[in-house]
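See below for the structure under consideration.
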Amino acid sequence: RIASATGSATADAAFVQQLSFNTTIGTFVTTARARIGPSGAPGDTWFDWSTDFCSAPLIGNTGRSFNFTDACRRHDFGYRNAKLLDRRYGAGHWSADARQRIDQQFLADMKSSCMSRSVINVPPCLSWAYMYYGAVRSAGGP
């Protein structure tokens, strides 16, 4: 069980780090779903659980050979909460290094998703994963 820590920079940053990098994607998704109320409204408003999944125009987060829904959800969580921690506690949480680490986790999550696909879909899925990774690296700022 991952407990929510609220109210201090250290505890909040540790919570975001744990979910972003030190849990399986399945545990992350289960935790994220539990934080959203049944109507879709946020249940936990201390952290930013919102997501647009993959905001890739025309492509979205799924295709014939890939489904990056969960990877996109965790990527959004990482970006949004690193920025939120900066606003709440001051600079240092959202940086080029933090962004690179979040983006690398995104790639790892997508590659893991690809490996669960049928053998014939693994190569095109990996191609999509690297394309998405390249897009976030070029457009994700700072």
Would you say that C114 contacts W128 through its side chain, given a criterion of any heavy-atom pair below 4.5 Å between the two side chains? no
Is the distance between the ring centroids of F53 and F68 less than 6.0 Å? no
Please give me the minimum heavy-atom distance between F106 and C54, naming the atom from each residue. CZ-SG, 4.2 Å
Return the minimal non-hydrogen interatomic distance between F77 and D48, and the atom names on each side. CD1-O, 3.6 Å
Atom CE in M115, atom SG in C125: separation rounded to 0.5 Å? 9.0 Å
On a heavy-atom basis, the closest approach of R99 and V136 is NH2-O, 2.8 Å
Could you check whether T24 and T27, counting side-chain N and O atoms only, form a donor-acceptor pair closer than 3.5 Å? yes
Hey, what do you get for CG (D86) to CH2 (W94), rounding to the nearest 0.5 Å? 9.5 Å
Grab the two heavy atoms, one from A13 and one from L85, that are nearest each other, plus how far apart they are. CA-CD1, 3.8 Å
Side chains of R33 and R73: does their closest heavy-atom pair fall under 4.5 Å? yes
First locate atom CG of L84, then atom CZ of R87, and finally report the distance between them rounded to the nearest 0.5 Å. 5.0 Å
Can R101 and Q17 be counted as having a side-chain donor-acceptor contact under 3.5 angstrom? yes
Please walk me through it: do L19 and T31 pass side chain to side chain contact (heavy atoms under 4.5 Å, CB included)? CA-CA 9 Å; L19 282 175; T31 303; 4.0 Å; yes
To the closest 0.5 Å, what do you measure between OH (Y132) and CG (L107)? 13.5 Å
Residues S20 and R74: side-chain donor-acceptor under 3.5 angstrom: no
Quick one, Q100 and R137 - any side-chain contact, counting heavy atoms below 4.5 Å? yes
For the pair D52 and R80, find out whether any cationic side-chain nitrogen is under 4.0 Å from an anionic carboxylate oxygen. yes
Taking atom types as modelled, find out whether N121 and S118 have a side-chain donor-acceptor pair closer than 3.5 angstrom. yes
In terms of relative ring orientation, are Y79 and H75 parallel, tilted or perpendicular, with 30° and 60° separating the classes? tilted
Looking at S95 and G92, would you say the former's side chain and the latter's main chain have a donor-acceptor pair under 3.5 Å? no
Any side-chain heavy atom of F66 within less than 4.5 Å of one from M110? no
Using side-chain heavy atoms (C-beta onward) and a distance below 4.5 Å, is D70 in contact with D109? no
Would you please say whether a donor-acceptor pair under 3.5 Å links the side chains of N81 and W49? no
Hey, any chance I25 and V122 share a hydrophobic cluster, counting ILVMFWY side chains that come within less than 4.5 Å of each other, even indirectly? no
Measure the spacing between CD of Q105 and OG of S112 and express it to the nearest 0.5 Å. 9.5 Å
Looking only at side-chain N and O atoms, does D103 offer a donor or acceptor that is under 3.5 Å from a partner on Y133? no
Is any side-chain heavy atom of R117 closer than 4.5 Å to one of N67? yes
Check whether the ring centres of F47 and F15 lie less than 6.0 Å apart, and answer yes or no. yes
